Amino acid sequence: MDFLNHTLLGLFLYFPEDKTEYISAGITCFIFLIAAVFTMRAIIKYSKKEEMKTKQFEEEVTKRNQHIKNDTLS
């Protein structure tokens with residue numbers, strides 16, 4: 001069983017002797033990290049805009065309902 005685990009894990013693990021190969025991996029990781037941060041900020045910004053639209057719509061509906069309620073009571 002140990003041989004099977006070692007063989008399967010060995011397929012996915014790679015530690016290069018030349019440590020300069022880590023530079024390209026680090027740059028790629030950094031680029032994707034920056035892209036993820038910008039994407040998250042864009043999602044938050046869009047979500048806040050949608051929240052404001054929803055609040056305005058909710059206020060409008062509440063005013064209409066209040067107006068209708070007042071008209072039926074009068």
Side-chain angles (χ1 to χ4, degrees):
M1 190 64 159
D2 186 42
F3 174 73
L4 182 62
N5 286 338
H6 179 67
T7 304
L8 289 176
L9 290 177
L11 294 174
F12 302 108
L13 294 176
Y14 170 69
F15 298 105
E17 293 295 323
D18 184 16
K19 302 302 181 193
T20 59
E21 292 183 30
Y22 288 124
I23 294 172
S24 62
I27 292 170
T28 304
C29 183
F30 182 73
I31 290 171
F32 277 98
L33 178 69
I34 296 300
V37 168
F38 280 124
T39 303
M40 191 64 193
R41 289 181 61 100
I43 290 170
I44 290 171
K45 186 176 180 179
Y46 179 77
S47 176
K48 286 183 180 181
K49 285 182 182 178
E50 289 297 313
E51 181 183 5
M52 293 303 294
K53 287 180 186 178
T54 304
K55 282 184 179 182
Q56 289 174 351
F57 180 72
E58 183 181 345
E59 289 172 2
E60 183 180 315
V61 169
T62 304
K63 286 178 184 178
R64 280 190 206 161
N65 287 342
Q66 189 68 27
H67 180 68
I68 291 171
K69 184 179 176 182
N70 289 339
D71 285 347
T72 57
L73 291 176
S74 297

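Position 1 is the first residue of the sequence, and the numbers go up from there. All of these numbers come straight from a predicted model, not from anything done at the bench.
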When the side chains of residues 49-61 are checked against the rest of the protein, which donor-acceptor pairs come out under 3.5 Å, sequence neighbours left out?
| from | atom 1 | to | atom 2 | distance (Å) |
| --- | --- | --- | --- | --- |
| E50 | OE2 | Y46 | OH | 3.4 |
| T54 | OG1 | E50 | O | 2.8 |
| E60 | OE2 | R64 | NH2 | 2.4 |

So CG of N65 and CG of N70: to nearest 0.5 Å the spacing works out to 11.0 Å
Crowded around K19 NZ? As in, over 12 foreign heavy atoms under 6.0 Å? yes
Residues forming a side-chain hydrogen bond (donor to acceptor under 3.5 Å, both in side chains) with R41, sequence neighbours excluded: none
Using a 3.5 Å cut-off and no angle test, enumerate the donor-acceptor pairs between side-chain atoms of residues 24-32 and protein atoms at least two apart in sequence or in another chain.
| from | atom 1 | to | atom 2 | distance (Å) |
| --- | --- | --- | --- | --- |
| S24 | OG | E21 | O | 3.3 |
| T28 | OG1 | S24 | O | 2.8 |

